[in-house]
Amino acid sequence: MTVQWTWGEGALSSAAGEQLASVCDGVLATAAGERLTLESSLDYSSPRFFLRAQTAAGAGEDFSVSQAGITITRLRAACGEREYLLERRNPFRRERRIVARRSGAEVASTAPAGNGLQVSVGELPELDAIFLSYACALLDATPRT
């Protein structure tokens, strides 16, 4: 089953308009009560993109996205022990597919939509989908957030 979300103006919303997550002052907060403290290369003017986060809850699970090469066409991601690839479908377009590295299956996709980013989510944990789609929104939303 695929669900549709949209990132826009620092918030992630479902197709029904329900807010699923928001970003404010370097914290990604979900409607379920999860909080991820964010650190990004965009804050440091780094030549290589990265986004890191850690859950505030007891386990302190690490999340990260970084460039897999010279460009941002292909990104590597880890959400705890789960690994993903975030690949542009075409190097000249801002549409991505998110692939689970272990199975090779496409688990989500993103595409610019108006002033935000449209997200189609399949089989992956909700927190992973929120974090990974936020990373895509930072790079691929039009205009950039």
Side-chain angles (χ1 to χ4, degrees), residues 1-43 48-69 71-145:
M1 182 175 108
T2 302
V3 296
Q4 300 295 318
W5 297 342
T6 304
W7 272 106
E9 299 180 20
L12 178 65
S13 302
S14 69
E18 168 185 345
Q19 185 170 312
L20 303 171
S22 63
V23 177
C24 185
D25 297 328
V27 175
L28 178 90
T30 71
E34 291 281 351
R35 296 175 60 82
L36 296 173
T37 305
L38 301 171
E39 178 184 16
S40 170
S41 60
L42 301 176
D43 299 332
R48 296 185 55 81
F49 175 77
F50 70 82
L51 178 66
R52 293 188 285 252
Q54 188 172 43
T55 58
E61 196 168 38
D62 292 322
F63 290 71
S64 67
V65 175
S66 62
Q67 284 179 231
T71 68
I72 58 169
T73 300
R74 188 177 167 123
L75 305 171
R76 267 189 306 260
C79 299
E81 300 294 319
R82 300 164 305 281
E83 295 182 342
Y84 303 94
L85 291 175
L86 289 65
E87 305 171 316
R88 283 198 173 160
R89 294 185 185 278
N90 177 322
F92 303 106
R93 303 196 65 193
R94 293 182 176 197
E95 298 172 355
R96 287 191 193 268
R97 62 189 208 118
I98 300 173
V99 176
R101 287 191 66 180
R102 187 166 286 158
S103 68
E106 183 174 323
V107 293
S109 62
T110 65
N115 289 334
L117 189 78
Q118 186 74 39
V119 184
S120 297
V121 180
E123 296 292 320
L124 78 158
E126 183 175 80
L127 188 58
D128 292 7
I130 291 170
F131 175 75
L132 297 172
S133 65
Y134 178 66
C136 293
L138 287 175
L139 296 172
D140 301 329
T142 307
R144 282 179 101 174
T145 56

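All of these numbers come straight from a predicted model, not from anything done at the bench.
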Testing the basics here: between Ala129 and Val121, what is the closest heavy-atom pair and its distance to 0.1 Å?
CB-CG1, 3.9 Å
Any donor-acceptor N/O pair, Thr110 side chain to Ser133 backbone, under 3.5 Å
no
Rounded to the nearest 0.5 Å, what's the gap from CG on Leu132 to CZ on Arg82? Could you check?
9.5 Å
Would you say Ser120 and Gln4 are linked by a side-chain donor-acceptor pair, where the criterion is simply a distance under 3.5 Å?
yes
Tell me the closest heavy-atom pair linking Ala100 and Val107, and the distance in Å.
CB-CG1, 4.1 Å
Does the Gln118 side chain pair with the main chain of Ala111, one donor and one acceptor, at a distance under 3.5 Å?
no
Taking the six-membered ring of Phe50 as reference, does the cationic atom of Arg48 (NZ for Lys, CZ for Arg) lie under 6.0 Å from its centre and within 45° of its axis?
no
Does Asn90 reach the side chain of Glu95, with side-chain heavy atoms less than 4.5 Å apart?
no
Heavy-atom distance under 4.5 Å between the side chains of Phe49 and Val65, does that happen here?
yes
Say you draw a straight line from CG of Asp128 to OH of Tyr84; how long is it, rounded to the nearest 0.5 Å?
3.5 Å
So, taking the atom named OG1 in Thr73 and the one named CZ in Arg93, what distance separates them when rounded to the nearest 0.5 Å?
14.0 Å
Exercise: identify the closest heavy-atom pair between Phe131 and Ser64:
CE2-N, 3.7 Å
Stepwise side chain to side chain contact (heavy atoms under 4.5 Å, CB included) test for Glu34 and Thr55
CA-CA 7 Å; Glu34 291 281 351; Thr55 58; 4.1 Å; yes
Start with the C-alpha gap between Gln67 and Leu75, add the side-chain angles, then the distance that decides, and say whether side chain to side chain contact (heavy atoms under 4.5 Å, CB included) holds.
CA-CA 5 Å; Gln67 284 179 231; Leu75 305 171; 4.2 Å; yes
Euclidean distance, Ser22 OG relative to Ile130 CD1, rounded to 0.5 Å
10.0 Å
For residues Asp62 and Arg52, determine if any side-chain heavy atom of one lies less than 4.5 Å from a side-chain heavy atom of the other.
no
Rounded to the nearest 0.5 Å, what separation is found between the OH atom of Tyr134 and the CG atom of Leu51?
7.0 Å
Heavy-atom closest contact (Ala29 atom, Arg35 atom, distance)
CB-NH1, 4.1 Å
Working to the nearest 0.5 angstrom, can you tell me the gap between Leu86 CG and Leu139 CG?
9.0 Å
Which pairs, with at least one residue in residues 96-109 and sequence neighbours excluded, count as a side-chain hydrogen bond (donor to acceptor under 3.5 Å, both in side chains)?
Glu87-Arg97, Arg89-Glu106, Arg96-Asp140
